[in-house]
Amino acid sequence: MPISKQYLKSKPECKITFNLPAKEAEQVELVGEFNDWKPAKLRKYKNGNFKTQLNLPVDKAYEFRYLVDGQWQNDPAADAYKWNDFAGDDNSVVSV
């Protein structure tokens with residue numbers, strides 16, 4: 001499952017697991033509103049998936065994209081997509 005969500009009972013946050021299957025890729029980075037669009041490397045697993053986890057405040061939607069070996073890519077399991085005039089393309093959206 002590319003994106004999974006676990007809502008925390010102790011605080012108004014959601015633990016999001018970003019999981020992108022990319023067996024042929026050398027490097028995958030996650031960029032989005034939650035990290036000021038600064039690339040953060042995902043860890044590569046033996047099965048070819050790249051993963052990371054973030055705790056994000058709830059009741060908000062966050063735009064993001066992946067950089068796969070330097071090429072922009074959206075998440076096929078995103079909650080929605082939103083047009084970005086700056087990039088001239090859609091961004092993935094995760095809602096929590």
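No experiment lies behind these values; they were computed from the predicted model shown.
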Any [X] side-chain heavy atom under 4.5 Å of [Y] side chain:
X: Ile16; Y: Tyr62; value: no
X: Val31; Y: Pro39; value: yes
X: Asn55; Y: Lys15; value: yes

* Scan for side-chain hydrogen bond (donor to acceptor under 3.5 Å, both in side chains) pairs involving residues 83-93, sequence neighbours excluded, and state none if there are none. =>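 Qualifying pairs: Glu63-Asn91, Arg65-Asp89, Asn74-Ser92, Trp83-Asp85.
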For [X] versus [Y], what's the shortest heavy-atom pair and its separation?
X: Gln27; Y: Lys41; result: OE1-CE, 3.4 Å
X: Pro57; Y: Val96; result: O-CG2, 3.2 Å
X: Ala22; Y: Val28; result: CB-CG2, 4.3 Å

Answer yes or no: is there a donor N or O on one side and an acceptor on the other, between the side chain of [X] and the main chain of [Y], under 3.5 Å?
X: Asn35; Y: Leu30; value: yes
X: Tyr81; Y: Asp75; value: yes
X: Lys5; Y: Ser95; value: yes

* So how far is it from Thr17 OG1 to Gln6 CD, rounded to the nearest 0.5 Å? ->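 Interatomic distance, Thr17 OG1 to Gln6 CD, rounded to 0.5 Å: 7.5 Å.
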* From Glu29 atom CD to Gln73 atom CD, the distance as rounded to the nearest 0.5 Å ->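 So the gap between those two atoms works out to 13.0 Å.
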* Asked: Taking the six-membered ring for Trp, are Phe18 and Phe64 ring centroids under 6.0 Å apart?
  ->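 Yes, the ring centres sit under 6.0 Å apart.
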* Asked: Run the side chain to side chain contact (heavy atoms under 4.5 Å, CB included) check on Phe50 and Asn19 step by step: do they pass?
  -> CA-CA 6 Å; Phe50 287 80; Asn19 178 21; 6.0 Å; no
